[in-house]
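Both counts, for ligands and for their atoms, begin at 1 and track the order of listing. Count residues from 1 along the sequence. FYI, side chains are in, hydrogens and waters are out, and symmetry mates aren't considered; it's all heavy atoms of this structure.
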Amino acid sequence: MSLKIRVKLAEIVKIRKKRGNVELNAINIRNHPKFSNVYISGTPQNLKLYTKNLVLGQKVYGENLLSFKGEEFREWDPYRSKLAAMILDKPSLEFLSQDLKCLYLGASSGTTISHLSDIVCEGIIYGVEFAERSMRQLIQNTDKRKNIVPILGNANFPERYANSIFTPIDLVYQDVAQPNQAQIAIENCNYYLKNNGFLILAIKSQSIDSVQKSEKTYTQEKKILENAGYKIIDSINIHKYAANHIILTVQK
Ligand SMILES: C[S@@+](CC[C@H](N)C(=O)[O-])C[C@H]1O[C@@H](n2cnc3c(N)ncnc32)[C@H](O)[C@@H]1O
């Protein structure tokens, strides 16, 4: 191949990457070895995560869309989504499956919940968010996703959104960055989560105590969960992707 043609081809790839809709058969997208409906590419040192797009052609937060073997994948950015960061850090337990019924606390404008929606494609996610502006964005970004039920509500008062939740819950995911993170999780899990169901809890130490050492804050939050009868299965430090955060896998 002449140098001129090679330069031209490199330019085309660059333009497509810029558009964010990349068709590169050089990327080998394959199943994640552990998590159903999660996909990977690259080497273990440079692993990328993807989910299969439920809404073809639609991005939620500017993520790359890739076509591979006739299917469309959304690149899942661990710097934007703590669930992706956690999965990259190899949790010991597989807690996802395609028919899960989930309660998502702190849905914000839809970044992580949209990937969860790709994953639980035959399940349902109730997404609670108390900021009206974020809720408007959530609805705009996810209105074509039939498995997301947006709920404008305050996670401190789980009983107030009981009339919007129609199924027992298998998985609670919480990312609310509040001073009482563990307590909010316990109250929602006591109310909605099935026995033996799982809670995935993002803990941001700075929202609880900005002076105390993060490790001490994490220990305190874990104690609150254990004293309420919950079992901590995994504690994953995701500081590399999100400052002052750990993610816990907890079982009721
Ligand atoms: C860190 S952001 C969540 C990001 C989101 N989980 C994602 O990865 O796409 C925290 C969100 O929780 C919401 N939030 C905080 N406290 C809440 C509460 N008590 N009830 C409901 N939502 C709350 C905030 O408005 C904010 O949108």
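- The ligand atoms of ligand 1 that sit less than 4.0 angstrom from a heavy atom of A131 are 25 (O).
- No donor-acceptor pair under 3.5 Å is formed between the side chain of R133 and the backbone N or O of A131.
- By the neighbour-count criterion of 12 heavy atoms within 6.0 Å, atom NZ of K222 is densely surrounded, having more than that number from other residues, nucleotides or ligands.
- Close contacts of ligand 1 with N156, meaning ligand atoms under 4.0 Å from a residue heavy atom, involve 19 (N).
- In this structure, the protein non-hydrogen atom closest to atom 12 (O) of ligand 1 is G106 CA, 3.4 Å.
- The heavy-atom pair separating F198 from I233 by the smallest distance is CE2-CD1, 3.7 Å.
- Ring orientation note: the planes of H115 and W76 are close to parallel, at an angle under 30° on the 30°/60° scale.
- A donor-acceptor pair under 3.5 Å is absent between the side-chain atoms of Q178 and the main chain of N180, judged by distance alone.
- Protein heavy atom nearest atom 19 (N) of ligand 1, with residue, atom name and distance: N154 OD1, 2.9 Å.
- Protein heavy atom at the shortest distance from atom 16 (N) of ligand 1 is Q178 NE2, 2.8 Å.
- In terms of polar-atom proximity, defined here as any N/O pair under 3.5 Å, A155 does make such a contact with ligand 1.
- Looking only at protein heavy atoms, the nearest one to atom 8 (O) of ligand 1 is T112 OG1, 2.6 Å.
- Under the 4.0 Å criterion applied to side-chain N and carboxylate O atoms, K204 and D175 are not assigned as salt-bridge partners.
- Checking only distances, E129 does come within under 3.5 Å of ligand 1, N or O to N or O.
- Aromatic ring pairs are classed by plane angle as parallel below 30°, tilted from 30° to 60° and perpendicular above 60°; the pair Y39 and F73 is perpendicular.
- Contact annotation: Y104 has at least one heavy atom less than 4.0 Å from an atom of ligand 1.
- Checked against a 3.5 angstrom limit, the closest N/O atoms of F130 and ligand 1 fall inside it.
- Here the heavy atom of the protein found nearest to atom 4 (C) of ligand 1 is D175 OD2, 3.4 Å.
- Here the closest heavy-atom approach between residue G153 and residue F130 is recorded as O-CB, 3.1 Å.
- Proximity to K82 (heavy-atom distance under 4.0 Å) selects the following atoms of ligand 1: 1 (C).
- A donor-acceptor pair under 3.5 Å links the side-chain atoms of Y192 to the main chain of P158, judged by distance alone.
- Listed by atom number, the atoms of ligand 1 under 4.0 Å from G153 heavy atoms are 20 (N), 21 (C).
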